[in-house]
Amino acid sequence: MYQKFIINHDGVLKFGRVYRHKDLLEYDEDCLYGGGFWTIDNERGAILLYGRSFDYGAPNIRMVSRVDWSGVGGKPVPIFFVPHWPDEDMLVPICNLFC
């Protein structure tokens, strides 16, 4: 199982521990805005998003309108996108409005 995320057709950021990104989708959902991988950064107390989904492409972080926290324990924490993983010099905050 891998820590993966998707951004569905409604702009919902969904997390999970799955083999394939499509395993995060419900029956009536599409993944229009890509996905990738996530990890917990204990030093920052945040979730870091990085990479891209092989099936759905790179994440379009600007399309996130809501976060489904159930796949990461249900508790809101800061979320950052790391566009040049593993280089963490640039962190793009995406959770300022959703946490």
Side-chain angles (χ1 to χ4, degrees):
M1 303 283 251
Y2 304 97
Q3 294 179 183
K4 296 185 176 187
F5 75 91
I6 60 166
I7 305 168
N8 76 8
H9 63 279
D10 290 327
V12 178
L13 175 61
K14 297 176 78 173
F15 298 96
R17 289 176 174 86
V18 295
Y19 288 110
R20 299 175 302 175
H21 284 91
K22 75 178 193 172
D23 295 337
L24 293 170
L25 294 171
E26 298 294 326
Y27 174 75
D28 59 344
E29 286 183 310
D30 291 316
C31 180
L32 298 180
Y33 302 117
F37 300 90
W38 61 273
T39 189
I40 295 175
D41 183 332
N42 290 319
E43 288 183 29
R44 293 183 179 100
I47 295 172
L48 302 182
L49 308 179
Y50 63 95
R52 64 185 305 273
S53 164
F54 295 112
D55 297 321
Y56 302 114
N60 186 347
I61 298 301
R62 293 173 296 190
M63 297 308 294
V64 174
S65 61
R66 187 167 56 88
V67 177
D68 177 352
W69 294 104
S70 62
V72 287
K75 181 182 175 194
V77 297
I79 301 175
F80 296 95
F81 178 57
V82 185
H84 305 292
W85 179 267
D87 180 6
E88 294 181 13
D89 287 343
M90 183 194 308
L91 295 178
V92 178
I94 68 157
C95 192
N96 291 342
L97 301 174
F98 313 114
C99 293

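All figures in this text were calculated on a predicted structure; none of them were measured in a lab.
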Hey, quick one: are [X] and [Y] part of the same hydrophobic cluster, counting side-chain heavy atoms closer than 4.5 Å, chains of contacts allowed?
{"X": "F37", "Y": "V18", "answer": "no"}
{"X": "I47", "Y": "Y2", "answer": "no"}
{"X": "I61", "Y": "W38", "answer": "yes"}
{"X": "L24", "Y": "L32", "answer": "no"}

Tell me which donor-acceptor pairs under 3.5 Å the side chains of residues 4-13 have, and how far apart each pair is, sequence neighbours excluded?
residue : atom : partner : partner atom : Å
K4      : NZ   : Y19     : O            : 2.7
N8      : OD1  : D10     : N            : 2.8
N8      : OD1  : G11     : N            : 3.2
N8      : OD1  : V12     : N            : 3.0
N8      : ND2  : E29     : OE2          : 2.5
H9      : ND1  : D30     : N            : 3.1
H9      : ND1  : D30     : O            : 3.4

Quick check: closest heavy atoms across [X] and [Y], and the distance to 0.1 Å?
{"X": "G45", "Y": "P78", "result": "O-CD, 3.4 Å"}
{"X": "P93", "Y": "F80", "result": "CA-CD2, 3.6 Å"}
{"X": "G35", "Y": "P59", "result": "O-CD, 3.3 Å"}

Give the table of side-chain donor-acceptor pairs shorter than 3.5 Å for residues 85-92, with sequence neighbours excluded, one pair per line with atom names and distance.
residue : atom : partner : partner atom : Å
D87     : OD1  : D89     : N            : 3.0
E88     : OE1  : R44     : NH1          : 2.8
E88     : OE1  : R44     : NH2          : 3.4

Value rounded to 0.5 Å, distance of NZ in K22 from CZ in F54
15.5 Å
Any chance you could measure L48, atom CG, to T39, atom OG1, to the nearest 0.5 Å?
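Going from the CG atom of L48 to the OG1 atom of T39 covers 6.5 Å.
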Residues in ring pair (Phe, Tyr, Trp, His ring centres under 6.0 Å) with Y56, at least two apart?
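Checked Y56 against ring pair (Phe, Tyr, Trp, His ring centres under 6.0 Å); zero matches.
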Okay, side chain of W69, backbone of F15: is any donor-acceptor separation there less than 3.5 Å?
no
Taking only residues two or more places apart in sequence, or in another chain, which ones meet D55 in a side chain to side chain donor-acceptor pair (under 3.5 Å)?
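Scan of D55 (side chain to side chain donor-acceptor pair (under 3.5 Å), adjacent residues dropped) gives none.
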